[in-house]
2 protein chains.
Amino acid sequence: MAKIPEKTIERLSKYRRAVLSYQAAGKHHIFSHQLASLLHITPVQVRRDLMLIGHTGTLRRGYEIKDLIDNISEIIDTDKGQRVAVIGLGNLGKAFISYLNGKRSKLTIVAAFDINFDKIERNFAGVPCYHIDNLNEIIKTENITIGIIAVPTEQATEVAEKLVFAGIKGILNYSPKSLNVPPSVFLEEYDMITSLEKVAYYSKLQ
Amino acid sequence: MAKIPEKTIERLSKYRRAVLSYQAAGKHHIFSHQLASLLHITPVQVRRDLMLIGHTGTLRRGYEIKDLIDNISEIIDTDKGQRVAVIGLGNLGKAFISYLNGKRSKLTIVAAFDINFDKIERNFAGVPCYHIDNLNEIIKTENITIGIIAVPTEQATEVAEKLVFAGIKGILNYSPKSLNVPPSVFLEEYDMITSLEKVAYYSKLQ
DNA sequence: CTAACACTGTTATTTTTTTCACACTGATAA
DNA sequence: TTATCAGTGTGAAAAAAATAACAGTGTTAG
Ligand SMILES: NC(=O)c1ccc[n+]([C@@H]2O[C@H](COP(=O)([O-])OP(=O)(O)OC[C@H]3O[C@@H](n4cnc5c(N)ncnc54)[C@H](O)[C@@H]3O)[C@@H](O)[C@H]2O)c1
Ligand SMILES: NC(=O)c1ccc[n+]([C@@H]2O[C@H](COP(=O)([O-])OP(=O)(O)OC[C@H]3O[C@@H](n4cnc5c(N)ncnc54)[C@H](O)[C@@H]3O)[C@@H](O)[C@H]2O)c1
């Protein structure tokens with residue numbers, strides 16, 4: 001199969017979540033225009049994306065949800081799933097853990113790390129919190145491949161280095177400090193100020 | 001000036017934050033390759049973006065930081081600034097407020113809304129929290145133009161309707177429920193699961 | 001004075017992403 | 001039976017975004 005565009009990968013994740021909730025509502029099929037309107041995109045975009053992963057629909061009923069979920073999962077999941085750690089159990093870290101817990105079976109948050117002893121050796125929403133000094137060890141024994149950084153700006157660089165040293169595969173960074181990691185580690189960063197300033201910019205134009 | 005691409009708008013916001021921290025470190029000038037490496041992009045991309053907003057650098061010293069900040073602000077800020085409300089003072093809402101407070105002068109969070117009476121009529125990090133029933137009134141009296149949605153999924157649609165009704169200009173939605181708003185309201189949505197699944201996908205390829 | 005250097009600014013090109021346009025198809029209704 | 005309808009699948013075109021290529025230019029070293 002040809003290389004799938006990055007934007008398509010992002011949408012596949014959204015399609016899957018959209019159809020999961022459709023399925024939960026008892027539906028078995030969905031049309032491209034329905035999926036499109038859930039994501040605020042065009043039906044052609046949907047059909048093209050699904051074409052790229054080789055998913056075909058039926059003419060009269062659209063796409064079969066069960067099949068679609070399987071096909072998307074085939075692409076974006078790994079067989080055994082991946083194990084995730086959150087570093088920094090503050091507001092943001094907690095929000096992520098409560099949000100993700102019980103959502104997806106293939107990505108599981110299995111550990112949190114902090115330096116605050118009030119948080120260490122407790123569970124938050126079922127996830128154990130360890131001292132940051134144990135990061136290297138736990139990453140390895142727990143077979144964690146993805147780290148989510150939610151520590152204060154000043155600590156972010158150091159935490160990233162520890163993650164890289166421990167052999168992490170991917171980092172999702174929410175600290176405002178942009179990180180440098182070797183090319184063998186996939187890095188994704190998000191900062192809400194960018195989003196907010198974008199909203200502000202386009203709001204003022206209206 | 002020609003229309004500025006959406007991606008450039010996003011990067012302008014990032015450039016400004018990057019140079020602000022450079023400035024805080026006592027620097028007065030920055031080269032395109034330095035800015036580029038801070039954002040993990042190419043120097044050409046930086047020069048092109050700055051060209052689009054009509055900012056020019058000097059040959060030997062690169063871009064003057066003070067000027068650059070002014071020029072970017074000229075584009076993405078409004079004169080009087082914009083006032084922002086957070087709806088849902090949970091983990092996420094709190095994280096945003098503490099993060100934004102004192103960061104930018106032109107976008108100010110001036111109100112939070114919740115239904116939980118433990119939170120209402122108190123301040124969080126200097127921001128007063130009101131009952132959601134007062135939303136319409138406060139949006140108008142406080143002249144709020146942007147709303148950040150951080151309420152549970154089930155409440156998101158209703159909250160969005162209230163914001164639209166109150167005449168909001170832009171919405172930044174963090175609830176996983178994708179919203180429908182009239183075209184007069186600018187909508188931006190972010191969901192960390194998309195980011196995380198993307199990281200997972202590209203991590204497994206490495 | 002001249003050449004080498006290390007930047008910026010911009011045109012041209014390439015790549016990526018989205019949209020258009022339309023063939024195809026099975027169901028339905030007249 | 002035949003026309004219409006409402007969907008999918010996809011090559012082609014367009015639009016958006018990123019990259020390459022390079023001219024221009026103060027600065028510095030010789
Ligand atoms: N990207 C975004 O959109 C966004 C939004 C809000 C906040 N932020 C940033 O995210 C970070 C966290 O925000 P928050 O509201 O959760 O802050 P917080 O203060 O509530 O939480 C930070 C946590 O990190 C822990 N910590 C500090 N140093 C550590 C270390 N070396 N190792 C492990 N843990 C450590 C602290 O004990 C604390 O529990 C901040 O840097 C904030 O600026 C980013
Ligand atoms: N987009 C993302 O990346 C992301 C990440 C984490 C969580 N989330 C989502 O964000 C939302 C908030 O997460 P959280 O961890 O802060 O949850 P939370 O439960 O800590 O906070 C939700 C807050 O909203 C308040 N609330 C409920 N109904 C309300 C209403 N009608 N009007 C005003 N306030 C109301 C609650 O009292 C509570 O204080 C959830 O839907 C969660 O799934 C999104």
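These numbers were taken from a predicted model, which means no experiment stands behind them. Here is how names work: the chains are called A, B, and so on, in the same order as the sequence lines, proteins then strands, and each is numbered from 1.
- A cation-pi arrangement is absent between B:K3 and A:Y202 under the rule of less than 6.0 angstrom and at most 45 degrees off the ring axis.
- Under the 6.0 Å distance and 45° angle rule, B:K66 does not count as a cation-pi partner of B:Y22.
- A:Y130 pairs by the ring-ring contact (aromatic ring centres under 6.0 Å, His included) definition with A:F113, not counting sequence neighbours.
- Contacts of A:T56 with the nucleic acid, taken as non-hydrogen atoms under 4.0 Å apart, involve only primed sugar atoms and P, OP1 or OP2.
- Separating the CD1 atom of A:I53 from the C1' atom of D:dT10 is a distance of 16 Å, rounded to the nearest angstrom.
- Rounded to whole Å, the distance from CD1 on B:I4 to P on D:dA15 is 21 Å.
- A straight line from CD of A:E6 to P of C:dT18 spans 11 Å, rounded to a whole angstrom.
- Taking the centre of each ring, A:Y174 and A:F96 come in below the 6.0 Å mark.
- Under the rule for a side-chain contact (heavy atoms from CB on, under 4.5 Å), the partners of A:H33 that lie at least two apart in sequence or sit in another chain are A:F31, A:P43.
- The neighbour count for A:K204 NZ, taken as heavy atoms of other residues, nucleotides or ligands under 6.0 Å away, is above 12.
- Contact check for A:V127 versus A:V110: no side-chain heavy atoms found under the 4.5 Å cut-off.
- Rounded to whole angstrom, the span from the CG atom of A:D49 across to the P atom of C:dT17 amounts to 11 Å.
- Applying a 4.0 Å cut-off to non-hydrogen atoms, the residues of residues 30-48 of chain A that approach DNA chain C are A:T42, A:V44, A:Q45, A:R48, listed by residue number.
- Evaluation of the side chain to side chain donor-acceptor pair (under 3.5 Å) rule for A:E10 yields B:K198 as partners, not counting sequence neighbours.
- Within a heavy-atom distance below 4.0 Å of DNA chain D, no residue of residues 180-201 of chain A is found.
- Atom-to-atom, CG of B:L52 to P of C:dG9 comes out at 12 Å; the value is rounded to the nearest Å.
- Heavy atoms from other residues, nucleotides or ligands lying under 6.0 Å from NE2 of B:H28 number 12 at most.
- A:K7 places its NZ atom 13 Å from the P atom of D:dA16, with the value rounded to the nearest Å.
- In the displayed structure, B:Y190 atom OH is contacted under 6.0 Å by more than 12 heavy atoms of other residues, nucleotides or ligands.
- Summarising the geometry, the separation between CE on A:M51 and P on D:dG11 is reported as 6 Å, rounded to the nearest angstrom.
- Ring planes of B:H55 and B:Y63: tilted class, angle from 30 to 60°.
- Summarising the geometry, the separation between NE2 on B:H55 and P on C:dG9 is reported as 7 Å, rounded to the nearest angstrom.
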Could you encode protein contacts along nucleotides 23-30 of chain C as a string, one character per nucleotide from 5' to 3', using B for base contact, S for sugar-phosphate-only contact and - for no contact, with a heavy-atom cut-off of under 4.0 Å? --BBS---

